[in-house]
Amino acid sequence: MKCRFFLLDINEHRSEAKPTVRLWGLDDAGNRVLILSSMIMPYFYYVPGGQQTAESARQRIVEAKAKFPKILQVEVQKGKLLGRQCELLRVTCSELGVLSSYAKAIRKMLQGSCYEDDLRLSVRYLIDTELTACGWQDFEVQPLKSELGEQTVDRLFVAKSFPSRIVDETPPKLRVLAFSLLTAGERGSANPRKDPIRAIAVAVDGRKAEAFVNEGEDDSKAISEFIAFHNRFDPDLVVGFESNNSAWPYLIQRCKLQQVKLALGRDGSGPHTSLFGHVSIAGRANLDLSDIASGIPEIKVKTIQNLARHLRVPSVDEIETIDELERYALWDDTSNRKRLIENVKSSTAALLELAEFTVNFPMQLSALTGLPLDQVLAAAVGFRVDSYLMKQAHMLGELIPRRVEQPYFTYRGAIVLEPETGIHEDVVVLDFSSMYPTLMEKYNLSPDTLVKAGEKVSDDSVFTVPEVNHRFWKKPDGFYRTVLRRLLNERGRIKGEMAEAAEKSTLLRVLKERERAVKIITNACYGYAGWAGARWYAKEVAESAAAIGRDTITRTIQKANAVGLKVIYGDTDSIFVKDDRDRVDQLVRWVDSEFGLEIKREREYVRVLFTEAMKRYAGLLRDGSLDIVGLEVVRGDWSDIARQVQEQVLVRILRDQSSEKAIQDVRATIRKIKNGEVAMSDLTIRKTLTKQIEDYKVRTPHVEVAKLLVREGWELGVGDKVAYVIVRGSGKLFQKAKPPGGLGPRDIDVEYYLDNQIKPAAMRILERFGVSESQLAV
DNA sequence: GCTCGTTGCTTACCT
DNA sequence: ACAGGTAAGCAACGAGCG
């Protein structure tokens with residue numbers, strides 16, 4: 001029989017007779033389905049080295065079969081290794097575990113090299129069958145009587161065919177469960193070894209959020225209630241915030257201690273830490289929405305509230321932010337417990353709402369890259385590209401190289417122009433569309449088309465990159481060219497479909513996220529090529545793209561000047577010119593005919609201000625809004641009060657064109673600070689720990705405060721933001737930095753905030769208008 | 001032992 | 001743990017001074 005199937009999760013199982021892939025998902029009737037497939041056996045490739053032929057290598061392996069009892073088959077095949085045709089052996093084994101050891105042994109015995117022995121069976125299956133994660137496909141299946149015991153699916157099948165893809169982008173209705181833990185430790189961070197879970201909040205569609213509360217020392221009842229609720233609801237998606245590094249490890253540890261079986265998987269297994277440091281639950285997708293927030297640079301402090309605010313999910317606005325440092329005190333005071341519990345319930349309800357808003361993007365990214373939903377959100381950009389390229393390589397008959405430790409080389413990057421400082425009216429930004437991927441595609445920049453240095457080739461068969469002199473074959477199409485062409489076409493295709501789709505339709509929402517996913521992968525290919533961790537690392541490719549980019553922008557600037565356009569600034573793939581429609585049009589046409597590239601009018605500034613620095617400017621757009629780039633306003637490591645004051649100044653300067661009003665505003669703020677009328681939250685400065693505390697060579701405010709917090713029992717690690725204020729006193733700045741908790745505006749160092757926050761932020765702008773610092777005195 | 005200019009560590013931004 | 005280019009603050013260092 002046939003099963004139309006949407007894939008949610010995939011894993012492999014070793015205990016069964018044959019290596020088996022488990023495909024978890026839904027059918028088109030909304031049943032939860034598990035399909036077992038043993039149709040692909042583990043295998044790897046061997047490419048003979050030296051004089052050896054594939055056939056002679058095959059014989060030697062077969063002769064040595066005593067050493068390789070788990071080999072099922074050795075076949076001679078043709079394949080491609082970085083574009084070069086070669087003969088190779090496909091070595092199929094009966095067990096997963098032997099792949100790398102056999103590959104190693106064969107390499108030792110015969111020289112040559114092995115490929116794809118590093119792929120897990122689930123990855124193997126996804127790649128070979130072109131299965132779409134988070135997408136629909138048809139399977140020929142046979143029903144199976146349940147032999148799995150605890151699994152909780154509605155339908156259990158054995159696959160009788162490979163999947164055949166259905167073009168349907170709309171996901172099925174999924175059951176989503178949001179959860180959060182409430183924990184509190186008497187001193188510092190809650191410690192799962194001694195501090196019980198105080199409450200577990202859950203939220204699912206169609207009911208009010210609830211919490212399983214534990215007021216004593218034994219949280220096993222609350223945990224069991226949570227497990228029962230979870231399994232009764234049987235979610236497809238489990239969402240949390242910071243759950244991968246906080247809630248899940250805590251819960252797992254508590255369960256170990258309390259000897260509660262945390263059987264949340266659809267096969268009865270517990271959550272476990274997986275590939276990208278995320279937590280995986282068999283048969284479901286566990287999503288940590290803080291990963292969504294991390295992908296949005298405008299959100300400086302990654303919280304549920306800030307994510308909601310950014311996405312304009314209004315109901316979340318009323319949720320109180322409770323500082324972790326105050327939590328125990330609130331819990332300890334029983335009159336406040338209810339407030340805490342209500343708080344965690346409402347944030348959990350908010351999480352559920354946010355999941356609705358945000359899940360389409362990771363789903364599309366999953367469908368595109370082939371990484372299962374839970375992995376794709378946790379995986380860094382480089383691994384997403386890696387996964388996408390692996391799928392593409394297989395379709396093109398290319399062997400997939402292994403990730404190797406290799407020396408890393410930097411190279412010269414893009415050009416940034418010194419801006420014409422001051423105010424300019426009527427400025428338009430001209431951007432090259434997808435410059436780097438377009439150049440890579442156009443000039444066939446790819447590891448497999450790179451001509452070895454010193455190799456003699458005819459000049460017209462290759463393209464020679466200006467300045468760096470790398471050469472690339474004009475023919476045939478390289479791997480990156482093929483892949484980028486597909487991506488660029490796909491994006492065009494989606495845009496076409498979007499134009500057809502009904503406004504506010506589900507389809508349009510899905511297409512929008514699909515387009516975003518394609519764009520992200522496309523634009524990451526350049527950086528990926530220059531990343532030493534990439535399977536298809538080729539410094540020359542990235543270096544060449546950058547060099548051609550420099551050449552292109554430089555010549556465009558020359559042409560702009562030649563046609564009488566005044567160039568005010570430029571960075572990498574953009575130039576800012578004083579607007580002149582006809583001349584801009586002329587330049588656009590020239591870029592098209594000279595380079596075959598598209599340059600487009602993008603932002604139009606009524607008025608734009610450049611400070612003396614590159615990458616820092618602010619402009620007034622036609623709709624009256626400000627576009628602020630690089631300045632303190634958009635930096636997360638300045639106090640809010642300094643950012644606010646600078647934004648006010650920019651509004652006064654750009655919109656009202658009045659430095660006098662700006663001065664008045666700054667003075668008003670200075671007065672407020674002096675009077676202690678500015679809230680601590682506006683004075684707080686935050687910086688990220690980018691390494692282990694012990695590894696710092698210099699004493700800085702945020703590291704000193706981090707050390708202090710660690711001494712108090714707080715757990716702080718890489719990636720955490722440290723909040724501090726500067727208090728009155730003597731000595732170095734790092735000696736005056738303190739955690740804001742328990743301090744008031746009277747404790748702060750007013751001089752510091754005026755001299756090192758307010759005035760520099762304001763003067764950065766005002767000094768361009770002849771205002772001196774003394775004019776800010778009150 | 002102090003001041004002052006320089007160097008280098010550090011973070012966060014831009015494209 | 002996609003790239004390089006850039007600004008900016010502050011600690012650390014070392015030279016020069018007395």
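Throughout, protein chains are lettered first and strands after them, A, B, ... in sequence-line order, and every chain is numbered starting at 1.
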Asker: Between the two ends of the helix from B:dG1-C:dC17 to B:dT15-C:dA3, what is the bend in degrees, rounded to 10 degrees, where each end axis spans five pairs?
Answerer: 20°
Asker: Within 45 degrees of the ring normal and closer than 6.0 Å to the centroid, is that where the cationic atom of A:Arg471 sits relative to A:Phe463?
Answerer: no
Asker: Please give, in whole Å, the distance from C:dA3 P to A:Leu445 CG?
Answerer: 18 Å
Asker: Using a heavy-atom cut-off of 4.0 Å across all strands, would you classify A:Phe432 as base, sugar-phosphate, or nothing?
Answerer: nothing
Asker: Round to the nearest Å and state the distance from A:Glu467 atom CD to C:dG4 atom C1'.
Answerer: 14 Å
Asker: C:dG9 phosphate, OP1 or OP2: any side-chain N/O from A:Tyr752 under 4.0 angstrom?
Answerer: no
Asker: Heavy atoms under 4.0 Å is the rule here; annotate nucleotides 10-15 of chain B 5' to 3' with B where the base is hit, S where only the sugar-phosphate is, and - elsewhere.
Answerer: SBBSBS
Asker: For the pair made of CD in A:Gln375 and P in C:dA1, what is the distance, rounded to whole Å?
Answerer: 18 Å
Asker: What is the nucleic acid contact for A:Gly413, judged by heavy atoms within less than 4.0 Å: base, sugar-phosphate only, or nothing?
Answerer: sugar-phosphate
Asker: Write down the distance separating the P atoms in C:dC2 and B:dC9, rounded off to the nearest Å.
Answerer: 24 Å
Asker: Which of residues 481-492 of chain A sit near DNA chain C, with a heavy atom under 4.0 Å from it?
Answerer: none
Asker: NA contact type, A:Arg764, heavy-atom cut-off 4.0 Å: base, sugar-phosphate, or nothing?
Answerer: sugar-phosphate
Asker: Tell me what A:Arg412 touches on the nucleic acid: a base, only sugar-phosphate, or nothing, going by heavy atoms under 4.0 Å.
Answerer: sugar-phosphate
Asker: Could you check whether A:Ala524 gets within reach of a base, just the sugar-phosphate, or nothing at all, counting any heavy atom under 4.0 Å?
Answerer: base
Asker: Would you mind classifying the nucleic acid contact of A:Asn523 as base, sugar-phosphate or nothing, using non-hydrogen atoms under 4.0 angstrom?
Answerer: nothing
Asker: Do the side chains of A:Arg699 and A:Glu704 get close enough for a salt bridge, i.e. N-O under 4.0 angstrom?
Answerer: yes
